[in-house]
Amino acid sequence: MKTLFSIAVVLSLLAGCDREKRSYKDQSPYVEEAPNKVVQSDLHPGMMPPPASTEKNVYSESAYDVAEGQKLFQQYNCSGCHFHGGGGIGPPLMDSDWIYGSDPQNIRATILEGRPNGMPSFRGKIADHQVWEIVAYVRSLSGLLPKDISPGRSDEMSLGTTPQQTHPQYPKKEQPGLNREEKPK
Amino acid sequence: MYLAFRPIFVFVLLAAFISGCNSRSHTSSAQEPPHGGVMQPYAGKLPPDDGQWTMPAKDYGAYRYSQMEQINTSNAKDLKLAFTFSTGTVNGLEAAPLVVNNTMYIITSFPNFLYALDLTKAGAPMKWAYDPKPVASAKGVACCDLVNRGGSYYNGKIIYATLDGYAIAVDANDGHEVWKTKVGDINIGETITMAAQVVKDKVLVGNSGGEFGVRGWIIALNADTGKIVWKAYNTGPDKDVLIGPRFKPFYDMDKGKDLGVSSWNPDQWKIGGGNVWGWISYDPDLNIVYHGTGNPGPWNPDQRPGDNKWTSGIFARDADTGEALWYYQWSPHDMHDYDGINEQILLDLPIDGKIRKVLVRPERNGYIYVLDRTTGEVLSATPYGHITTSTGVDLKTGRLQMNEALKPTPGKVVHGACPASPGVKDWNPSAFSPKTGLLYLPHNNLCMDWESVETGYIAGTPYVGADVKMYPGPGGNGGVFSAWDPINKKEVWHFDDRFPVWSGALATAGNVVFYGTMDGWFIARDAKDGHELWRFKTGSGIIGQPITYKGPDGKQYVAILSGVGGWAGAIVTGGLDVRDPTAALGFANATAELPKYTNKGGMLYVFALP
């Protein structure tokens with residue numbers, strides 16, 4: 001955990017360095033060209049759908065990818081803004097609403113290029129194969145992957161996933177003083 | 001979705017009930033507010049009142065009190081809507097409107113519009129609007145919705161700060177930009193949410209970013225030109241903190257050279273927080289400004305051993321030079337995100353037979369502190385809500401006594417830590433009525449479970465390191481509105497609310513106090529016994545600060561911005577998914593039902609007697 005975390009920090013420190021960037025590119029041919037080709041609209045002028053993106057999700061969405069992606073999601077502080085999918089600073093990722101698309105290519109573009117309302121661009125900061133692992137994890141959050149390869153949510157958080165509306169030591173009781181029970185005078 | 005969780009919820013209730021039976025010892029160590037306070041008119045000097053509202057708290061002493069008494073306990077029931085105005089925004093509205101020269105000024109949440117409304121004309125039409133065009137990316141580094149807490153009027157200008165880090169002065173007559181000074185950098189996670197406070201000829205602003213490893217500071221700018229006059233950091237070497245020969249802290253724990261460096265592991269102070277995003281008070285006789293400092297970063301306390309000076313504390317500074325005069329740390333080595341930035345009410349109170357110049361601070365960690373504002377000595381610290389994380393304040397050493405059992409430790413989930421991170425009270429300011437001598441406190445009743453997780457610093461991204469899940473405290477109500485006797489240090493009365501009471505309070509000489517609820521009710525209560533006089537349902541939840549003013553027609557008006565949001569309302573403005581109880585730093589779980597009660601959308605409501 002610690003080492004991975006230091007790697008993340010070192011990677012982010014080196015991010016400005018051109019040589020590092022090139023080495024990512026060497027790992028995968030997809031870094032520079034693909035995101036521009038990602039379709040963002042359901043409107044197709046002239047009724048002609050654009051040609052399908054030639055880009056592929058080079059890493060399969062296996063249980064391993066999802067598990068790795070889950071760790072990286074924490075290490076790159078995605079969780080700081082999106083928490084465990086419920087959202088906060090950034091939108092929820094576990095629901096069915098997608099501003100910028102749920103295809104692997106859309107999500108990859110979101111991560112690499114950033115989005116205007118506060119999603120940082122991680123281009124050059126995360127190795128390409130790791131981006132794909134994160135994509136797999138993000139998709140698993142909203143149930144876009146088959147159940148058997150999605151992570152058990154309990155691994156990530158010992159707090160548990162049960163919404164809880166009361167103090168553990170005090171059962172909820174009716175509040176005679178609750179001002180909503182008062183009639184306007 | 002709520003229904004789907006019902007069975008689990010019932011199960012949790014049962015479990016909670018059963019577990020309650022074998023944890024008595026722990027429960028009994030909790031502290032509760034003492035009851036039985038009394039009213040006693042305030043004998044100290046009052047600031048003059050011209051019926052305007054020119055700065056965040058109306059006055060330098062942070063009373064949020066108006067001497068107008070047309071609206072009183074017998075006629076408040078007749079209050080009627082006078083006019084409204086849509087702000088065109090959807091994020092939480094926390095600011096107090098300003099009223100100067102028969103014009104009302106509204107500062108909104110992002111994109112930080114400034115509107116001027118002409119009070120001399122029917123329906124208060126818009127005179128002009130100013131759009132600072134803050135960059136949209138700033139939204140990604142604002143921890144807790146995109147709020148702005150207001151601004152000040154000075155010499156023909158309205159001065160406020162934008163989320164993307166600019167302090168701006170706008171001509172109050174025609175809305176043109178007079179000056180604009182960049183003070184923050186969103187790329188290191190800095191934003192500005194606090195209300196710019198004018199003090200004499202300067203304006204003070206500080207940065208937010210305690211959840212992004214941002215090093216906190218406060219800046220004084222020349223209010224006419226926007227030139228920076230002084231800047232004080234709240235971590236790091238003494239010279240950066242403006243600590244020099246005049247610095248005389250009261251307690252030994254705050255004495256020593258460069259504590260802003262030595263109370264951290266090497267270099268951690270550079271990303272250590274201590275932000276200034278709350279309230280500033282000013283004592284004109286002493287020429288001292290008082291401001292709190294925010295939580296240390298990251299939240300995970302194991303990653304930052306030491307007292308983490310000068311976070312979660314309060315500074316007294318020379319208003320002209322910014323030099324630190326004294327400091328007191330509410331929460332040394334804070335372990336629960338108890339920012340120390342709440343309002344400080346400056347009063348001269350009889351204590352042990354002597355009139356003392358004090359500062360009253362309802363602090364996030366759960367105590368109402370009374371400090372000697374000339375020296376920083378703690379005269380008392382009394383619980384005003386349910387507290388389990390600490391057992392009291394040692395008045396000899398000044399140190400908060402922590403409950404060892406509820407210290408976050410790696411690999412362990414801490415249950416039932418009260419208050420939760422937003423504290424017994426967060427930023428939303430209380431009001432003081434000299435007529436009753438009572439302090440009116442809108443506040444929270446929240447507890448939390450906390451698990452520390454290791455986090456790495458990546459500039460411009462969150463630096464927190466904790467999974468948190470909050471829920472209402474004993475009784476199941478998330479919020480409380482109470483009246484407090486600051487001399488006898490006791491609660492006089494209180495009313496519970498389902499949700500945290502996240503609005504400010506207003507006190508008036510007509511003995512009517514006002515506040516709003518997160519489900520949208522604007523409420524007037526009798527300042528003496530708290531009984532409800534009137535309520536009005538606004539379009540969205542209320543987290544704004546009510547004000548009152550004298551209109552051009554000589555009548556008393558009361559104004560409030562409605563528009564849910566803020567940390568407590570992020571679940572609504574962000575459309576968060578409560579299946580993840582850690583959403584919005586764990587707050588979404590505590591206000592999970594809020595979307596069933598209210599919706600987003602900003603609107604000004606102004607009321608008057610017919």
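Model, not experiment: these values are computed from the prediction. In what follows, chains carry the letters A, B, and so on, assigned in the order in which the sequence lines appear, proteins first and then strands, with residues in each chain numbered from 1.
- In this structure a side-chain-to-backbone donor-acceptor pair under 3.5 Å is present from Arg579(B) to Met94(A).
- Of all heavy-atom pairs between Cys81(A) and Gly140(B), the closest is SG-O, 4.1 Å.
- Heavy atoms closer than 4.5 Å to chain A are found in the backbone of Ala142(B), but not in its side chain.
- No other option in Cys78(A), Pro92(A), Ser79(A) has as many heavy-atom pairs under 4.5 Å with chain B as Pro92(A).
- Ranked by heavy-atom pairs under 4.5 Å with chain B, the first of Gly88(A), Gly87(A), Pro91(A) is Gly87(A).
- For Phe212(B), the part sitting under 4.5 Å from any heavy atom of chain A is the side chain, from C-beta outward, and nothing else.
- Between chain A and the residues Ala584(B), Gly586(B), Gly478(B), Ala570(B), the largest count of heavy-atom pairs under 4.5 Å involves Ala584(B).
- Here the CG-NE2 distance, from Asp577(B) to His82(A), works out to 13.5 Å after rounding to the nearest 0.5 Å.
- Between His84(A) and Asp467(B), the closest side-chain pair of non-hydrogen atoms falls below 4.5 Å.
- No side-chain heavy atom of Ser137(B) sits less than 4.5 Å from a side-chain heavy atom of Pro116(A).
- Here the NZ atom belonging to Lys139(B) is positioned 13.5 Å from the CD1 atom belonging to Ile89(A), to the nearest 0.5 angstrom.
- By the 4.5 Å heavy-atom criterion applied to side chains, Leu585(B) and Phe83(A) are counted as neighbours.
- Side-chain atoms of Asn77(A) come within 3.5 Å of backbone N or O of Gly456(B) as a donor-acceptor pair.
- Across Cys143(B), Gly574(B), Gly460(B), the residue that shares the most heavy-atom pairs under 4.5 angstrom with chain A is Cys143(B).
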